[in-house]
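Inspection log for the structure reproduced underneath, given as structure tokens.
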Amino acid sequence: MQIREIMRSCPVMPVLVIEKTEHAVPLAKALVAGGIRVLEVTLRTEAALESVRLIAEQVPEAIVGVGTVIRPEQFKQSRDAGARFAVTPGLTPKLVAGALEVGIPLLPGVMTPSEVIYALEEGFDALKLFPAEQAGSYGMLKALGGPLAEVLFCPTGGVTPESAPKLLALPNVGCVGGSWLAPKDKLAAGDWAAITELAKAAAALRG
Ligand code: 3PG
């Protein structure tokens, strides 16, 4: 599955920070039950790669990927764990080479027009605007849509259920990313029903 297809599969890509591997499968099932199939498991915790492996094995309806990839060797580890795509907060020649070598679909992070052009030069036209809020969010995406209209964005960082609909209405936004679908307290409490409700609301955001 290519990145654009993944981006169009859900209006919101949940940015997941999983501290305990036993949360991985119930969390993924709760999100899928609410209509959110694309899951970005950030490589910020010890539990992350094992969580990806468990979700890939036990929740086949989910399209599980990894986020927070900042070192090239993480692409192979992620692919071997079952990740179907990878997200990076920025883009460097080493990350480009690492992703291409492993052959994992990549959603690279960018924040400036020059970074967008660099990504295009490397063959990536579906990009994450990160950190979206600090980069100007709606106004920035609208402005980039002029000279760089061929790029489809996933703004991430500071996006909320309130700001998402306006972003999703932009022609150059494929989906948005956000951590609000899996709040720490709901995860700690194992409140999967609440997470399904958050997912349902997120899945309905694209008007
Ligand atoms: C992150 O880095 O955690 C993501 O950009 C998500 O940001 P958010 O918590 O503002 O949704």
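Numbers for residues simply follow the sequence, beginning at 1. On a predicted model such as this, the values are computed, not experimentally measured, just so you know. All values below come from the heavy atoms of this structure, side chains included, with hydrogens, waters and symmetry mates left out. For ligands, and for the atoms within them, numbers begin at 1 and follow the listed sequence.
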Should L107 and L167 be counted in the same cluster of Ile, Leu, Val, Met, Phe, Trp and Tyr side chains packed under 4.5 Å apart?
no
So, regarding R44 and ligand 1 (criterion: nitrogen or oxygen to nitrogen or oxygen, under 3.5 Å), is there a contact or not?
yes
Check A47 against E19 and note the closest heavy-atom contact, atom names and distance.
CB-O, 3.5 Å
Going by the atom numbers of ligand 1, which of them fall below 4.0 Å from some non-hydrogen atom of F130?
2 (O), 5 (O)
Among all protein heavy atoms, pick out the one at the shortest distance from atom 9 (O) of ligand 1; state its residue, atom name and that distance to 0.1 Å.
S179 OG, 2.5 Å
Give the numbers and elements of all ligand 1 atoms closer than 4.0 Å to a heavy atom of G178.
11 (O)
closest protein heavy atom to atom 7 (O) of ligand 1 is G157 CA, 3.6 Å
Is it the side chain (CB and beyond), the backbone, both or neither of W180 that lies under 4.0 Å from ligand 1, heavy atoms counted?
neither
Do any nitrogen or oxygen atoms of G158 come within less than 3.5 Å of a nitrogen or oxygen of ligand 1?
yes
Which heavy-atom pair separates A132 from P155 by the least distance, and what is that distance?
CB-CB, 3.7 Å
Closest approach of I55 to I18 (non-hydrogen atoms, all atoms of both residues)
CD1-CD1, 4.4 Å
Please step through side chain to side chain contact (heavy atoms under 4.5 Å, CB included) for the pair V66 and Q74, ending with a clear verdict.
CA-CA 9 Å; V66 291; Q74 291 173 308; over 6 Å; no
So which atom in T112 and which in M140 form the shortest heavy-atom distance, rounded to 0.1 Å?
CA-CE, 4.4 Å
Is T156 close to ligand 1, meaning an N/O of one under 3.5 Å from an N/O of the other?
no
